[in-house]
Protein chains: 2
Amino acid sequence: MMGLTRKGEYAIRGIIYLARLPQGKVALISEIAAAVDVPQAFLAKIFQNFAKLGLVSSARGTGGGFMLGRPAAKITLREVVEVVEGPIMPNRCLLGVGSCDRAAHCNVHPVWQKVQSQVVAILDNVTIEELAREER
Amino acid sequence: MMGLTRKGEYAIRGIIYLARLPQGKVALISEIAAAVDVPQAFLAKIFQNFAKLGLVSSARGTGGGFMLGRPAAKITLREVVEVVEGPIMPNRCLLGVGSCDRAAHCNVHPVWQKVQSQVVAILDNVTIEELAREER
DNA sequence: TATAAAAGGACAAAAATAGTCTTGAAGGTG
DNA sequence: CACCTTCAAGACTATTTTTGTCCTTTTATA
Ligand code: SF4
Ligand code: SF4
């Protein structure tokens with residue numbers, strides 16, 4: 001329950017791979033997909049999302065590929081997850097007002113708010129740079 | 001992302017309704033479903049799960065119905081959620097050993113462990129009794 | 001121009017979610 | 001007992017989400 005999908009998992013693996021590359025090096029999507037063991041076409045979609053948000057920069061044509069759009073230390077795990085999974089949302093009522101007409105009185109609502117803020121806080125405090133450091 | 005399904009939401013609403021009833025009163029599934037606005041047959045399945053786990057007790061025949069299986073103060077939100085949604089699991093690798101062969105080295109793994117333990121802690125500290133108290 | 005690579009969109013298979021329906025079993029009532 | 005009430009259980013179905021694939025287009029380089 002309440003779990004990351006494969007897409008999210010793939011996204012994290014992919015961007016960590018990029019973060020481990022030497023400064024300025026670009027990687028082909030084929031290379032990344034093979035390295036992190038993800039279907040290439042699927043990972044390509046994910047990286048399109050990244051590129052649109054500026055998390056990675058992309059270049060087409062010969063010598064093209066992907067690299068980080070900013071320093072790994074400035075990219076949080078939360079950003080990466082939210083790009084592909086959407087906002088962290090333990091229950092529907094947290095999205096907009098009017099999504100549940102009970103929200104104004106409901107005693108459960110604040111619990112979900114707390115869950116949301118805690119999870120967001122954890123993921124916000126983890127950067128891709130940390131995740132890319134030498135493995136344990 | 002990482003959200004409760006309708007089933008979980010329905011489960012919570014249903015058991016809170018029970019908790020608000022006077023001591024010893026039984027409620028028909030038809031009554032509960034109407035009160036909390038959930039398809040009756042769907043809610044019936046949920047309450048079957050509750051009954052199997054002892055969260056509610058059920059009686060058949062005339063005068064039968066459902067009531068809480070123990071005091072509302074002794075039922076946590078976590079239990080209710082997990083009965084219908086399964087264990088709180090931010091990522092696959094948290095289930096068993098061997099579910100991801102990278103888990104031993106992976107730097108992301110501990111982050112999911114932390115998320116899991118935080119969410120569990122929050123939900124464990126909320127009882128159905130609290131949720132059933134007068135609404136805000 | 002030919003080649004290399006990502007971008008974008010349409011499509012498809014599989015799985016999970018959100019239900020319904022039918023039958024059976026257990027318990028009360030006259 | 002015969003009949004009614006209520007939950008239990010399982011099979012079935014519809015919808016949505018996830019997890020991909022494939023093909024065409026655009027951009028860039030040589
Ligand atoms: S938790 Fe309360 S506010 Fe949120 S969806 Fe359920 S009833 Fe509505
Ligand atoms: S977080 Fe690490 S351990 Fe968990 S699934 Fe992803 S790679 Fe495997």
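Remember, predicted model here, so these are calculated numbers, not experimental data. Note on naming: letters A, B, ... go to the chains in the order of the sequence lines (proteins, then strands), and numbering restarts at 1 for each one.
Think of the region where chain A sits on DNA chain C: with heavy atoms and a 4.0 Å cut, that region ends 5' and 3' at C:dA4 to C:dA18.
For B:R20 (side chain) and B:A132 (main-chain N/O), a donor-acceptor pair under 3.5 Å exists by modelled atom type.
B:F50 comes within 4.0 angstrom of no nucleic acid atom, judged by non-hydrogen atoms across all strands.
Pairing each heavy atom of A:L28 with each of A:G65, the nearest pair is CD2-CA, 4.3 Å.
A:T76 contributes atom OG1, which lies 8.0 Å from atom CG of A:L123 (distance to the nearest 0.5 angstrom). With values rounded to the nearest 0.5 angstrom, A:Q118 atom CD is found 10.0 Å from B:S117 atom OG.
Of the N and O atoms on the side chains of B:N107 and A:E130, not one donor lies less than 3.5 Å from an acceptor on the other residue.
In this structure, A:I46 atom CD1 and D:dT18 atom C1' are separated by 12 Å, rounded to whole Å. Rounding to whole angstrom units, CZ of residue A:F42 and P of D:dC22 are separated by 15 Å.
Residues satisfying the ring pair (Phe, Tyr, Trp, His ring centres under 6.0 Å) criterion with A:F50, sequence neighbours excluded, are A:F47.
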Polar atom pairs between nucleotides 7-10 of chain D and protein, under 3.5 Å, N or O only, would you list them?
from: D:dC7; atom 1: OP1; to: B:I29; atom 2: N; distance (Å): 3.1
from: D:dC7; atom 1: O3'; to: B:S58; atom 2: OG; distance (Å): 3.4
from: D:dC7; atom 1: O2; to: B:R60; atom 2: NH1; distance (Å): 3.2
from: D:dA8; atom 1: OP1; to: B:S58; atom 2: OG; distance (Å): 2.8
from: D:dA8; atom 1: O4'; to: B:R60; atom 2: NH1; distance (Å): 3.0
from: D:dA9; atom 1: N7; to: B:K45; atom 2: NZ; distance (Å): 3.3
from: D:dA9; atom 1: N7; to: B:Q48; atom 2: NE2; distance (Å): 3.3
from: D:dG10; atom 1: N7; to: B:K45; atom 2: NZ; distance (Å): 2.7
from: D:dG10; atom 1: O6; to: B:K45; atom 2: NZ; distance (Å): 2.5

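Comment: A:E79 does not engage A:K74 in a salt bridge, judged by the lack of any side-chain N to carboxylate O separation of less than 4.0 angstrom. Salt-bridge annotation for B:E9 and A:R102: absent, with no side-chain N of the basic residue lying under 4.0 Å from a carboxylate O of the acidic one.
Of the residues near DNA chain D, A:T62 and A:R6, the one whose nearest nucleotide (by heavy atom distance) lies more toward the 5' end is A:R6.
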